[in-house]
Asks: 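The structure's right below; bear with me while I get my questions together.
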Amino acid sequence: MSPHEDKPRPDGTEKPDEKREKNAQEKKLRDLSRRSFIKGAGIASVAASAGALLADRVLEAAPRPQSGGMAGGVVGPGEVPITLKINGQIRKLNLEPRVMLLDALRNHLDLTGAKKVCDRATCGACTVHLDGRAVYSCTTLAIDAQGHDITTIEGLEPKEGLHPMSQAFWNNDAQQCGFCTPGFVMACTAYVEHEPNPTYEGLQKSLGGNLCRCGTYMGIREAVLEAAKTMKTKGGRA
Amino acid sequence: MIPAEFEYQAPKTLDEALRALGRHGDEAKILAGGHSLLPMMKLRLASPRYVVDIGRIRGMDYIREERDKIAIGALVTHAQVTTSELLRAKCPLLPETASEIGDMQVRNRGTIGGSIAHADPAADYPASILALDAEMVVQSSSGKRTIPAADFFVDLLTTQIRPGEILTEVRVPVKRAGEGTAYKKFHQPASGFAIVGAAARVIASKAGQIEDVALGMTGVGSKAYRATAVEKSLRGKTASESLIAEACGKAAQGIDPLADIFASAEYRREMASVFARRAIISALEKAMGRASSPSKGAAPGKTK
């Protein structure tokens with residue numbers, strides 16, 4: 001990890017103190033709307049996989065810790081300084097340890113390409129690269145992503161034109177509503193970088209980590225096969 | 001979904017981690033890849049006061065042969081297991097199982113130690129761990145102990161691991177001559193968890209005389225188990241399709257199957273016998289040296 005130098009903020013974000021205050025205000029608003037949303041949504045959307053089986057056997061909740069700061073490298077539960085390397089840039093944030101990488105990207109860095117959909121490591125819309133491998137940013141703690149190279153869809157695309165994978169999605173009509181597309185492009189790119197000669201059948205199994213409710217899988221598989229050829233001749237990342 | 005607040009620590013050495021666990025006792029949870037713990041924390045099914053992230057401890061992601069065993073460090077990811085040449089040659093059941101876990105993103109982060117220690121009733125590894133008679137090595141500040149697979153899984157999300165202990169290594173036996181293995185799984189279509197998973201290990205002659213058989217089942221009951229009734233019906237017999245079908249009808253004998261929105265208890269019981277049969281037949285064919293297709297565990301790519 002790089003040292004904590006106070007670099008100018010290229011994105012014009014506020015200093016941590018100002019930000020914290022603003023966050024507190026925003027949080028109040030968020031809490032309000034969140035509460036009314038949950039009221040409307042009911043509980044039917046809560047359980048998945050094991051969760052569905054376990055709902056009646058809730059593990060006991062521990063009493064809440066008082067505040068952050070303790071000997072022996074313990075941090076939190078309050079905000080702690082976190083340094084992330086995202087798309088080649090060093091970004092410094094103050095986050096609670098419980099903040100997921102996806103929320104850090106979307107809510108604190110305005111990198112909204114990765115989407116929050118299922119929020120439980122199932123749908124793939126939040127896929128980013130960690131050291132070149134596809135991972136779910138919704139199920140990775142931001143504090144745990146320190147020291148790794150994080151690439152988001154924003155960092156995948158070259159300054160001019162499109163990444164070969166994105167171009168292949170375009171060419172093969174591999175999206176409909178497009179909401180799952182950034183996650184798919186990230187998953188497919190990582191997959192092709194590790195498997196330069198994909199087969200149609202192999203893709204069916206290997207890209208099972210991403211879901212598209214519009215059902216564009218046929219186009220996506222064709223796109224990956226096409227992009228694999230382009231990436232081989234032109235090289236992967238732009 | 002946001003987990004409840006916790007204090008976080010990322011020790012660099014195992015000793016440091018053990019000390020932290022010793023201090024926090026059962027108020028601490030160990031985080032490795034996070035793909036079992038974090039979803040539960042988000043659903044507030046788990047709310048640990050302390051999270052000890054062992055992911056930064058070096059030297060816990062090895063796969064190496066030690067005499068007739070293969071030792072696997074707890075931080076080895078499912079993707080690493082899937083693509084390990086050593087495991088594919090000497091213990092192919094494990095890579096075959098790992099390749100069926102969740103999906104690419106889960107396999108890139110999830111670890112063998114995390115999955116086994118978590119003991120989700122729908123996790124894949126426990127079936128294979130049981131079929132292989134693997135051993136789990138756990139360490140605490142007071143020393144190290146080895147737990148055989150048969151004793152390891154206690155109940156839903158409960159293992160023999162005590163507070164203050166860390167699962168550091170999984171040891172699996174090297175494949176014997178005349179041994180065939182297979183893992184057959186009925187996937188939950190969205191999450192990829194096992195509705196039913198069957199891991200079979202068969203030692204048989206070329207003529208189909210079954211010398212020994214082990215069948216681990218997952219997803220069916222509240223914990224993974226050995227289908228001993230099936231094993232008993234097959235051991236020492238000459239294999240035939242009708243014998244195997246009849247034996248596998250007992251795959252969920254004595255088990256109270258789980259039920260959820262996707263699969264009722266009756267359906268799980270029925271699928272248990274179907275997937276047990278498929279696993280036994282596939283393992284037997286490999287043992288008899290006439291495996292029709294190469295291992296389905298074919299890896300999607302190289303790890304690094």
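Fair warning: this is a prediction, and the values are worked out from it, not measured in the lab. Values below: all heavy atoms of this structure, side chains included; hydrogens, waters and symmetry mates excluded. In the text below, chain A, chain B and the rest are named by the order of the sequence lines, each starting its count at 1.
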Asks: With only heavy atoms counted, which part of A/C138 is less than 4.5 Å from chain B, the side chain, the backbone, both or neither?
Replies: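 Interface part for A/C138: both.
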Asks: Please find the pair of heavy atoms, one from A/R98 and one from B/P3, that lie closest to each other, and give the distance.
Replies: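 The pair with the smallest heavy-atom distance is NH1-O, 2.9 Å.
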Asks: May I ask you to decide if A/A134's main-chain N or O and B/N108's side chain share a donor-acceptor pair within less than 3.5 Å?
Replies: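 It does hold such a pair.
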Asks: If you take all heavy atoms of B/M104 and A/A187, which pair is closest and at what distance?
Replies: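 Scanning both residues, the minimum pair turns out to be CE-O, 3.4 Å.
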Asks: Shortest non-hydrogen contact from B/A32 to A/D144?
Replies: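 Scanning both residues, the minimum pair turns out to be O-OD2, 4.3 Å.
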Asks: Are A/P77 and B/R49 side-chain neighbours, meaning at least one heavy-atom pair lies under 4.5 Å?
Replies: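 Side-chain contact under 4.5 Å: no.
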Asks: Identify which part of A/L141 has an atom lying under 4.5 Å from any heavy atom of chain B, answering side chain, backbone, both or neither.
Replies: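 Contact with chain B: backbone and side chain both.
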Asks: Is it the case that atom CG in B/D256 sees more than 12 heavy atoms from other parts of the structure closer than 6.0 Å?
Replies: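 Counting other residues, nucleotides and ligands, CG of B/D256 stays at 12 neighbours or fewer.
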Asks: If I take atom CD1 from residue B/I2 and atom CD from residue A/E96, how far apart are they, to the nearest 0.5 angstrom?
Replies: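 Between B/I2 CD1 and A/E96 CD, I get 8.5 Å after rounding to 0.5 Å.
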Asks: Check each atom of A/I143 against the heavy atoms of chain B and say whether the ones under 4.5 Å are side chain, backbone, both or neither.
Replies: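 Backbone plus side chain of A/I143, per the 4.5 Å heavy-atom cut-off to chain B.
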Asks: At what distance, to the nearest 0.5 angstrom, does CG of A/N210 lie from CD of B/Q105?
Replies: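 Answer for the CG-CD pair, A/N210 versus B/Q105, is 5.0 Å.
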Asks: Would you say the side chain of A/R120 lies within less than 4.5 Å of the side chain of B/M1, judging by non-hydrogen atoms?
Replies: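 Yes - at least one pair of side-chain heavy atoms lies under 4.5 Å apart.
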Asks: When you compare the side chain of B/R56 with that of A/Q146, does any pair of heavy atoms fall below 4.5 Å?
Replies: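 They are in contact (side-chain heavy atoms under 4.5 Å apart), so the answer is yes.
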Asks: Tell me, for A/T127 versus chain B, whether the close heavy atoms (under 4.5 Å) come from the side chain, the backbone, both or neither.
Replies: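 The side chain, not the backbone.
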Asks: If I measure from the heavy atoms of chain A, does B/L31 come under 4.5 Å with its side chain, its backbone, both, or neither?
Replies: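 Side chain of B/L31 only, per the 4.5 Å heavy-atom cut-off to chain A.
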Asks: Is there a side-chain contact between A/V80 and B/Y8 in this structure, where contact means two heavy atoms from C-beta onward sitting under 4.5 Å apart?
Replies: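 Heavy-atom side-chain distance check fails, nothing below 4.5 Å.
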Asks: For the residue pair A/T140 and B/R109, establish whether any side-chain heavy-atom pair is separated by less than 4.5 Å.
Replies: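 Yes, side chains in contact.
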